[in-house]
Visitor: 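Let me give you the structure first, and then I'll get to my questions.
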Protein chains: 2
Amino acid sequence: MNTSMDELLKMLSHHGIQPSFQRLKILEALLERRDHPTVLCIYERVSKDVPTISKTTVYNTLSTFREKGIVTALTVSADEARYDIDTSPHHHLVCRECGAILDINICCEYAVKSEVEGHRVEEVHGYFKGVFKDCVTCEQAQ
Amino acid sequence: MNTSMDELLKMLSHHGIQPSFQRLKILEALLERRDHPTVLCIYERVSKDVPTISKTTVYNTLSTFREKGIVTALTVSADEARYDIDTSPHHHLVCRECGAILDINICCEYAVKSEVEGHRVEEVHGYFKGVFKDCVTCEQAQ
DNA sequence: ATGACTGCAAAATATTTGCATATTC
DNA sequence: GAATATGCAAATATTTTGCAGTCAT
């Protein structure tokens with residue numbers, strides 16, 4: 001999928017993100033690689049076009065992108081973050097053998113532990129993030 | 001909850017885990033602290049009874065425990081692993097303010113993004129682990 | 001005696017931070 | 001010109017690894 005610079009600029013401004021050449025290229029890489037790339041993966045992809053880019057900038061940019069809601073960070077692996085340009089609600093299937101991550105559009109019913117869309121499912125992980133109704137820290141902050 | 005050494009021994013052997021004083025104490029700590037403790041948390045708890053214990057042993061033991069299925073590792077945070085002695089299928093709610101982790105016994109329906117058992121839910125994360133039906137790496141291994 | 005467990009120190013890895021420079025509005 | 005973004009180097013923190021000593025069967 002080829003997205004024009006114009007469209008990329010619009011996407012950034014639509015999310016209230018100040019543009020820069022690096023940010024455009026990182027966004028472009030995310031749109032091209034929709035297989036939930038790692039920071040290193042994005043860094044290497046963008047390096048081809050912007051040889052001077054630093055990992056720090058990739059980290060900073062992805063952090064900004066996440067805050068502004070243009071990407072989602074996956075927590076499927078303990079050792080490296082993965083990013084998804086598709087922010088619509090969906091889940092993922094991580095292959096134990098090859099490590100690839102597939103989008104899965106089913107609910108995480110507990111009983112599922114067997115087969116999903118033909119794939120063998122061995123583990124079901126799920127968590128929510130929010131604020132406890134009786135969170136003391138939260139009450140202190142108010 | 002006080003679990004006798006005898007019961008702890010039985011739990012280990014039931015899961016095919018060779019016993020040791022350190023392993024018994026780590027298992028005991030996991031049974032006492034059911035709030036999904038971190039490695040450091042377990043290390044500090046066990047250190048009170050076994051001052052000579054090393055973090056390496058805690059890491060090794062938790063890794064063994066996980067392989068043998070006596071604990072589950074949570075991936076709710078990118079920077080540190082958390083362990084759960086409750087291996088029954090359930091999900092978790094992480095509080096954005098205080099960082100505590102609560103057990104949640106509901107399904108991860110996508111629409112849920114609002115309120116669960118009175119708590120405010122802002123994010124829904126879920127992933128499965130298994131083997132792709134057409135995984136090349138997997139076929140090679142066979 | 002053999003094999004497995006322990007624990008210290010060092011290494012590996014991902015991510016963050018400080019700060020000087022460069023870029024954008 | 002002020003604010004923000006970039007990128008290098010150093011720092012941080014978690015986890016892993018190598019290896020020698022210890023424990024258990």
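The sequence lines fix the lettering, A, B, ..., with proteins before strands; numbering per chain opens at 1.
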Visitor: Is A:Val71 linked to A:Leu74 within one hydrophobic cluster, defined over Ile, Leu, Val, Met, Phe, Trp and Tyr using a side-chain heavy-atom separation of less than 4.5 Å?
Guide: no
Visitor: What string of B, S and - do you get for nucleotides 5-12 of chain D, 5' to 3', if B is base contact, S is sugar-phosphate-only contact and - is no contact with any protein heavy atom under 4.0 Å?
Guide: SSBBB---
Visitor: Less than 4.5 Å apart, any side-chain heavy atom of A:Leu30 and any of A:Pro37?
Guide: yes
Visitor: How many whole angstroms separate atom CG of B:Leu62 from atom C1' of C:dG7?
Guide: 15 Å
Visitor: Starting from C1' on C:dA12, measure out to CG on A:Leu40 and report it in whole angstrom.
Guide: 14 Å
Visitor: Taking the side chain as C-beta and beyond, is there a heavy-atom pair between A:Val116 and A:Ile104 under 4.5 Å?
Guide: yes
Visitor: C:dA4 P sits how many Å from B:Leu12 CG, rounded?
Guide: 17 Å
Visitor: So what is the end-to-end bend of the helix from C:dA1-D:dT25 to C:dC25-D:dG1, with 5 pairs used at each end and the value given to 10 degrees?
Guide: 30°
Visitor: Quick one: do A:Val131 and A:Val136 end up in the same hydrophobic cluster if we chain Ile, Leu, Val, Met, Phe, Trp and Tyr together by side-chain heavy atoms under 4.5 Å apart?
Guide: no
Visitor: For residues A:Glu117 and A:Ile106, determine if any side-chain heavy atom of one lies less than 4.5 Å from a side-chain heavy atom of the other.
Guide: yes
Visitor: Look at the side-chain heavy atoms of Ile, Leu, Val, Met, Phe, Trp and Tyr, link any pair under 4.5 Å apart, and say whether B:Leu102 and A:Tyr127 land in one connected group.
Guide: no
Visitor: Could you tell me the separation between the CD atom of A:Glu44 and the P atom of C:dA14, rounded to a whole number of Å?
Guide: 11 Å
Visitor: Flag the pair A:His92 / A:Asp103 as yes when at least one side-chain heavy-atom distance between them is below 4.5 Å, and no otherwise.
Guide: yes
Visitor: If Ile, Leu, Val, Met, Phe, Trp and Tyr residues are connected whenever their side-chain heavy atoms lie under 4.5 Å apart, and connections chain through other members, are B:Ile101 and A:Phe132 in the same group?
Guide: no
Visitor: If I take atom NZ in residue A:Lys25 and atom P in nucleotide C:dT23, what distance separates them, rounded to the nearest angstrom?
Guide: 17 Å
Visitor: Is the number of heavy atoms from other residues, nucleotides or ligands under 6.0 Å of A:Arg66 CZ greater than 12?
Guide: no
Visitor: Is any side-chain heavy atom of B:Glu28 less than 4.5 Å from a side-chain heavy atom of B:Thr3?
Guide: no
Visitor: Look at the side-chain heavy atoms of Ile, Leu, Val, Met, Phe, Trp and Tyr, link any pair under 4.5 Å apart, and say whether B:Val76 and A:Tyr83 land in one connected group.
Guide: no
Visitor: If you take any heavy atom closer than 4.0 Å to DNA chain D, which residues from residues 69-82 of chain A end up in contact?
Guide: none
Visitor: Send over the distance from A:Tyr43 OH to C:dT15 C1', rounded to a whole Å.
Guide: 15 Å
